[in-house]
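Worksheet for the structure shown next.
Order of the sequence lines sets the chain letters (A, B, ...), proteins ahead of strands, with each chain counted from 1. Since the model is a prediction, treat every value here as computed from it, not as a measurement.
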Amino acid sequence: MENASIAKILEEYAKYLEINNEDFFRVRAYNAAVRSLLGLDFNIAEKLKSGEDLPKIKGVGKNILSHIEEIVNFGTFQELEDIKSNTPEILIVMNKIPGVGAKKAYKIYKELRVNSLGELEYACIENRLAMLEGFGEKSQNKILKNIEYVKLSMQRRLLADAGETAEKIRRFFESLNYVEKFEIAGSYRRKLETVKDLDLVIVGQEGSSVLEKISNENFFDEIKRGGEKLISAVLDGMQVDLRCFDKSEFYSALHHFTGSKAHHEQLRGIAKSKGLKINEYCIFQGDKRIEVNSEEEIYKILGLKYVPPEMREGIFEFRDDIDFSNLISEKDIKGIFHIHTNYSDGSMGLQDILDYCKSKNYKYAGISDHSRSAFYAGGLKDEELLEQIEKIDAINAENSEFFIFKGIESDILPDGSLDYSDDVLQNLDFVIASVHSGFNMTKPEMTERIVRAVNNPYTKILGHPTGRLLLSREGYDVDVYEIIRQCCRNNVAIELNCNPYRLDIDWRYLQVLVKEGGKVILCPDAHSKKGFEDIKYGVFMARKGGLPPDCVLNTLDKKEMTAYLLGNF
DNA sequence: GCCGTTTTCGGCCCGACTGTTTTCAGTCG
């Protein structure tokens, strides 16, 4: 069982504790343990089963550990099952309505005896909610409206989609002469793979009531009410929170609203232990206000290394074995692998790809169309692949300063074999092995299937290792730790697929891979010219996982990459 | 529920906004 699966179950328990109005610190203890589990670089279930001593895990004491043991053995634990069977589902559902927390949900349930959102809606229409103590007409209207949001699901969206709205906002704010400074903070700035809302930190020109002016600009689709320092607006169906600060407060505010909550909780604890207090305005030492002129300064004052926004998730950033100053960046990428051409379902020809890559100053490309089992994607038959190989050889012969590696994205067949005979495969420089069908296998079966493919001497890269599609499909059930170990053992690089829907392997696993001495390759899985641009999302994720350039395969130059593919690097 | 070089008990991060209430609890980020 994966640590993330255990974490998910503990997180669910925390949610149930919260909705049952249990001690706030108890809830927090569970959430802290969840973060701790996500940051581990060993598999707890395996350690427990092997009988080895489990190292001390921060935030996991006697109680939570016994829950974990139960989860590992039975997939759940008794207290969770008990609380679930004693907690009406509607409480959890109501808690999703903005403005309805644990206490209100409980009160509504107890007094109005509603069992579904529909019944709550009806109770609002009948004016019964407004009659409850602590509620009034305004609360009722707000809840009625927010039920709609829950129904339409003010859902999270992909980082790339949020980016379009964010850039629209950026362009608009740049055009406002009464806005002196602004930045988009929140999970968007942290480059989380999905984003719920956008948080803006704004400094207006002196004397201007900037939020009021913005409200009058007619830019947002809707302005919800707000105060002098905060207004909430809606654009493209996304909630946008705008917060206004004095110039001297900008970096404290930017830092604060970049989050994450988990990062700040830990940071404030550290501040407190040093006799400091940190909030969104500045840092205090007793009553003395310490001016802050950059985010770097904040960490310096706290005696910490600077943590880039991507890493502020409360998971890896307080470890001392990660060098935040040496994270991968886009300029380190020397070449691009996993490109589809018009031989299968891509839109570009070989020459287009060559021209594009040269214009971006890449030194090499790796072509890998779909394999013959992928009928739906026009997978290449043996003779088509051999023809493509010949064409690439001809192009390479004419180009001295750029090189195309010949490859294929081979389906991993249900028995773990690749899609072509060795006679065909031996003509290639590399194989990306990927699962594209037959997702409904048991975990041991799927793991064995992939392990077999990884052990095939022709496999050089494992494509999108879990097959997840963000916001629409969970990955297939597979032992990711075992897969990582096997890849490392066989010198197979693990793809971090940069398509915004995939971003697979999940960045939370990257430290495991680093510790095992493995390599990641950032691949856009490009089917068109635009697809190449997705590389940036992969770089964001790699940074979130704390990856240095030397763990990323496509930072190698052409000569090194050739040696690697030949097994000589 | 976890933690500890002042502590094995008593802490545990901080502030804005809202709505309902006459001084504050609940929610959110």
Side-chain angles (χ1 to χ4, degrees), chain A residues 10-11 13-14 17-19 21-37 56-68 77 79 94-108 129-143 145-146 154 185-190 192 195-201 211 224-232 239-245 249 252-284 302 312 314:
Chain A
L10 291 175
E11 196 174 24
Y13 187 57
L17 288 176
E18 197 181 351
I19 205 77
N21 246 327
E22 288 282 342
D23 179 30
F24 164 74
F25 292 109
R26 204 172 152 218
V27 176
R28 219 173 69 174
Y30 276 92
N31 284 321
V34 165
R35 290 197 306 270
S36 206
L37 295 197
K56 174 76 193 101
I57 302 168
K58 199 172 156 229
V60 176
K62 205 171 116 236
N63 277 293
I64 294 185
L65 183 60
S66 80
H67 293 330
I68 292 176
F77 60 103
E79 279 90 336
M94 280 198 282
N95 191 221
K96 289 184 181 149
I97 304 170
V100 180
K103 300 219 161 78
K104 285 189 175 169
Y106 188 71
K107 179 139 189 148
I108 293 170
L129 188 73
M131 312 306 275
L132 288 188
E133 188 195 347
F135 292 81
E137 203 172 332
K138 279 190 173 172
S139 301
Q140 178 171 275
N141 289 338
K142 197 165 141 190
I143 286 173
K145 194 172 169 204
N146 283 340
M154 279 276 277
S187 54
Y188 178 72
R189 183 161 181 250
R190 298 199 314 278
L192 204 56
V195 172
K196 198 172 94 190
D197 49 25
L198 296 172
D199 298 281
L200 263 78
V201 174
L211 292 183
K224 298 179 175 181
R225 286 195 45 149
E228 194 186 327
K229 290 180 162 246
L230 159 71
I231 58 173
S232 287
Q239 173 149 335
V240 186
D241 291 334
L242 303 101
R243 292 182 165 84
C244 179
F245 290 89
E249 300 163 340
S252 282
L254 174 63
H255 179 248
H256 180 89
F257 289 103
T258 296
S260 66
K261 193 170 173 235
H263 179 72
H264 281 291
E265 275 182 19
Q266 293 176 71
L267 214 56
R268 290 199 192 109
I270 292 168
K272 200 165 179 177
S273 72
K274 299 190 175 194
L276 300 166
K277 191 178 81 166
I278 177 168
N279 64 19
E280 64 257 58
Y281 302 112
C282 65
I283 298 178
F284 282 102
L302 295 175
R312 299 177 198 164

Tell me what [X] touches on the nucleic acid: a base, only sugar-phosphate, or nothing, going by heavy atoms under 4.0 Å.
X      : result
A:D199 : sugar-phosphate
A:K107 : nothing
A:E137 : sugar-phosphate
A:I97  : sugar-phosphate
A:A102 : sugar-phosphate
A:E280 : sugar-phosphate
A:Y30  : sugar-phosphate
A:V100 : sugar-phosphate

What's the closest nucleotide to the [X] side chain, out of [options]?
X      : options                : result
A:N279 : B:dG1, B:dG19, B:dG15  : B:dG15
A:K104 : B:dG26, B:dG29, B:dC14 : B:dG26
A:K229 : B:dG29, B:dG19, B:dA16 : B:dA16
A:K138 : B:dA16, B:dG19, B:dC14 : B:dG19
A:I64  : B:dG15, B:dC12, B:dC2  : B:dC2
A:A29  : B:dC12, B:dG1, B:dG19  : B:dG1

Once side-chain contact (heavy atoms from CB on, under 4.5 Å) is applied, do any residues pair with A:Y106, and if so which ones, sequence neighbours excluded?
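Result, side-chain contact (heavy atoms from CB on, under 4.5 Å) vs A:Y106: A:L91, A:K110.
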
A:K56 atom NZ, over 12 foreign heavy atoms within 6.0 Å
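Enclosed.
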
Is A:S139 near enough to B:dT18 that one of its side-chain N or O atoms lies under 4.0 angstrom from OP1 or OP2?
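So the side-chain polar atoms of A:S139 never come under 4.0 Å of the phosphate oxygens OP1 or OP2 of B:dT18.
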
Determine which nucleotide pairs with B:dT8, using a 3.5 Å limit on both distances of a Watson-Crick or G-U wobble pair.
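Its partner: none found.
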
Salt bridge (Lys or Arg N to Asp or Glu O under 4.0 Å) contacts in which one or both residues fall within residues 21-34 of chain A, not counting sequence neighbours:
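Residue pairs with at least one partner in residues 21-34 of chain A: A:E22-A:R26.
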
For A:S260 and A:G314, work out which heavy atoms get closest and say how close.
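Taking every non-hydrogen atom into account, OG-N, 4.1 Å.
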
